[in-house]
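First up is the structure itself, then whatever we jot down about it.
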There are 2 protein chains.
Amino acid sequence: MTDPLYRQIAQDLRGQIQTGQLPPGAQLRTELELREHYKASRNTIRDAIKWLVSSGLVETRPGQGTFVVEKIDPFVTTLSEDPETGLGGGEGEAAFAEVRERGRNPTRIGPRVELRQAVGNVATRLRIEEGTQVVSRHWERFIDGIPWSLQTAFYPMDLVTRGAHQLLMAEDVPDGSVAYLKQTLSLVQVGYRDRILVRAPNEEESRFFRVADDGRIPMISIMRTSYQATDEGPVPFRVTYTNLPADRNQLVVNFGEVPPARAAAASLDPPRS
Amino acid sequence: MTDPLYRQIAQDLRGQIQTGQLPPGAQLRTELELREHYKASRNTIRDAIKWLVSSGLVETRPGQGTFVVEKIDPFVTTLSEDPETGLGGGEGEAAFAEVRERGRNPTRIGPRVELRQAVGNVATRLRIEEGTQVVSRHWERFIDGIPWSLQTAFYPMDLVTRGAHQLLMAEDVPDGSVAYLKQTLSLVQVGYRDRILVRAPNEEESRFFRVADDGRIPMISIMRTSYQATDEGPVPFRVTYTNLPADRNQLVVNFGEVPPARAAAASLDPPRS
DNA sequence: GCAAATTTGTTCGTATGTATT
DNA sequence: CAATACATACGAACAAATTTG
């Protein structure tokens, strides 16, 4: 019936955070002080704090203390295509422009170009045999110096042998790869499908984004399959993975006619039900 | 340099899970057995298991043991509009149809209809004053008996006074509210914007979806603003919140021409970088 | 620059409670 | 009812990170 002690303590502290009595950035009393205050053992206090950490309300810093988390101003990525350029939202060039438009400073590292064998979803989505050669182009992106996204695009080797040699160069493709493939191979992108899921970060991601490696902060993973026009209808020519930590990213998708986007990210707004 | 003991143990167990040595559903050895095996104290074993729980790899059941989690076959919601019906993906009627199409059994409870004052994002997005009356229609949805989504739609009271009285009825609007508003008020939906973010569940959500209340399993929260045609361009007439637990849901968005969707949900596929 | 003080992190031991079989 | 397994709670000691004097 009654909650365990550590939960009662956690809920009391949570109340203080939610009422603003402990504002973002504020330091909680130390474990020893809380131990006296709640007349519990230090381990029980620590269990309470662990629950708050897991809920994303506080963070602990060894040697310093426990602090109420300060929300990161989230960056908003638009997935829908730009009606003017036809560029897919969230892709290299478009993503870059969108960030700068909002008065923030995007930087990037890459691309790292690799030749690989297609496996799993890459083979499935590109409709090629497992083991077929593909080119992968990998980018690391930052906003205002904060790690923002990891993105990898996979192209069938076929495109290169047919003349798109720029795909092998470890450098930016001017005006973007969609425009390049159109010029070089008359390949016209007619659409794309995004598949969005949420999962725990892997080791590389928790290192790059500097988030805990226990899955506290989830990743938003977007798998995009891009299609070109053919006589037999749309056929895939590229698969792109974009991985974003959920604590600093939101997505926007537009359908039909909508007014211009407002710059502000959505507040979390008491989720209503 | 060296990881703490509980991390080493956790990583060893993680290895056994990832290699399939401990397949999904398998039971781990008990804490006491692991204590002997690793020559550590029971508390240290428990710390290791807690890390695995937090990473979403195992779950503990009091009185039973610790088990490797079995992935739920995720349900895929398409957000893009149906080109035939013009219905927005993921909305009441469309969502229902999509589920049934995939051979799964959707049920629902609702709507619960309430009159409220618009606050926060609801007021902002509908472009009305805070405090203005709005109608909220709330649904609980299930797939194959499993809690799937909580959805709440907000309409300005204005629509009701102009004649859309069905919005106040705590019953399904036949053919959907978009069709109803078109018939009754000649209100034509011309587009919508989805804003997607990921956050920890609140208390009501963790209860309804039967997930841990410490935020281990994140929620995918979609805020949709729907627009009607006017002489001055698109104007919002509805705000819909859809909240989905991330462990059993994926999203799909289509742009331009894409082939028909395949039924299968995306596997998690070693996230590539 | 170093040493001390402060604060959280790790690890052990022990006892008792609660859920399930 | 008994046995088993995880959950809660206390106490204690030392380690590691950080700040302060």
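Naming convention: chains lettered A, B, ... in sequence-line order (proteins, then strands); numbering from 1 in each chain.
For the pair Asp214(A) CG and dT10(C) P, the interatomic distance rounds to 11 Å; values are reported in whole Å. As rounded to whole Å, 11 Å separates atom C1' of dT4(D) from atom CD of Gln64(B). The interatomic distance linking Tyr38(B) (OH) with dC12(C) (C1') rounds to 19 Å, in whole Å. If you take CG of Asp3(A) and P of dG17(C), they are 18 Å apart, rounded to a whole angstrom. Following rounding to the nearest Å, Leu5(B) (CG) and dA15(D) (P) show an atom-to-atom distance of 15 Å. In this structure, Ile45(B) atom CD1 and dT8(D) atom P are separated by 18 Å, rounded to whole Å. Rounded to a whole Å, the CZ atom of Arg35(A) is 13 Å from the C1' atom of dT7(C). Atoms NZ (Lys50(A)) and P (dT8(C)) sit 13 Å apart, rounded to a whole Å.
Each end of the helix from dC2(C)-dG21(D) to dT21(C)-dA2(D) gets its own axis from five base pairs, and the two axes differ in direction by 10°, given to 10 degrees.
A salt bridge is defined here as a Lys NZ or Arg NE, NH1 or NH2 lying under 4.0 Å from an Asp or Glu carboxylate O, and Glu98(A) with Arg102(A) meets this definition. A salt bridge does not link Arg248(A) to Asp144(A): none of the charged side-chain nitrogens sits closer than 4.0 Å to a carboxylate oxygen. A salt bridge between Glu59(A) and Arg216(A) is absent, with no side-chain N of the basic residue lying under 4.0 Å from a carboxylate O of the acidic one.
Here the closest heavy-atom approach between residue Gln117(B) and residue Val134(B) is recorded as C-CG2, 4.2 Å. Minimum interatomic distance between Gln250(B) and Pro74(B) (heavy atoms only, all atoms of both residues): NE2-CG, 3.4 Å. Residues Ala40(B) and Ile9(B) come closest through the heavy atom pair CB-CD1, 4.1 Å. Between Leu34(A) and Leu13(A), the closest heavy-atom pair is CD2-CD2, 4.4 Å.
Nearest to the side chain of Ala40(B), among dC12(C), dT10(C), dA9(D), sits dC12(C). Listed nucleotides: dT8(C), dA9(D), dT8(D). Nearest to the side chain of Leu32(A): dT8(C). Listed nucleotides: dA7(D), dT8(C), dC12(C). Nearest to the side chain of Ser41(B): dC12(C). The side chain of Asn43(A) lies closest to dG11(D) when the candidates are dT10(C), dT18(D), dG11(D). For Thr44(B), counting side-chain heavy atoms from C-beta on, the closest listed nucleotide (dC10(D), dC12(C), dT10(C)) is dC12(C).
For the pair Arg61(B) and Phe67(B), the distance from NZ or CZ to the six-membered ring centre is under 6.0 Å and the angle to the ring normal is within 45 degrees.
Phosphate contact (OP1/OP2 of dC6(D), side-chain N/O of Thr66(B), threshold under 4.0 Å): present.
Gln151(A) contributes no side-chain N or O that, together with a main-chain N or O of Thr240(A), makes up a donor-acceptor pair within less than 3.5 Å.
In this structure, Tyr6(B) and Lys50(B) have side chains that are not in contact, with every pair of non-hydrogen atoms separated by 4.5 Å or more.
A heavy atom closer than 4.0 Å to some atom of DNA chain C occurs in Pro62(B), Gly63(B), these being the qualifying members of residues 54-63 of chain B.
In this structure, Glu31(A) and Tyr6(B) both approach DNA chain C, and ranking their closest nucleotides by distance from the 5' end singles out Glu31(A). Between Arg46(B) and Arg42(A), the residue anchored nearer the 5' end of DNA chain D, judged by the nucleotide with its closest heavy atom, is Arg46(B).
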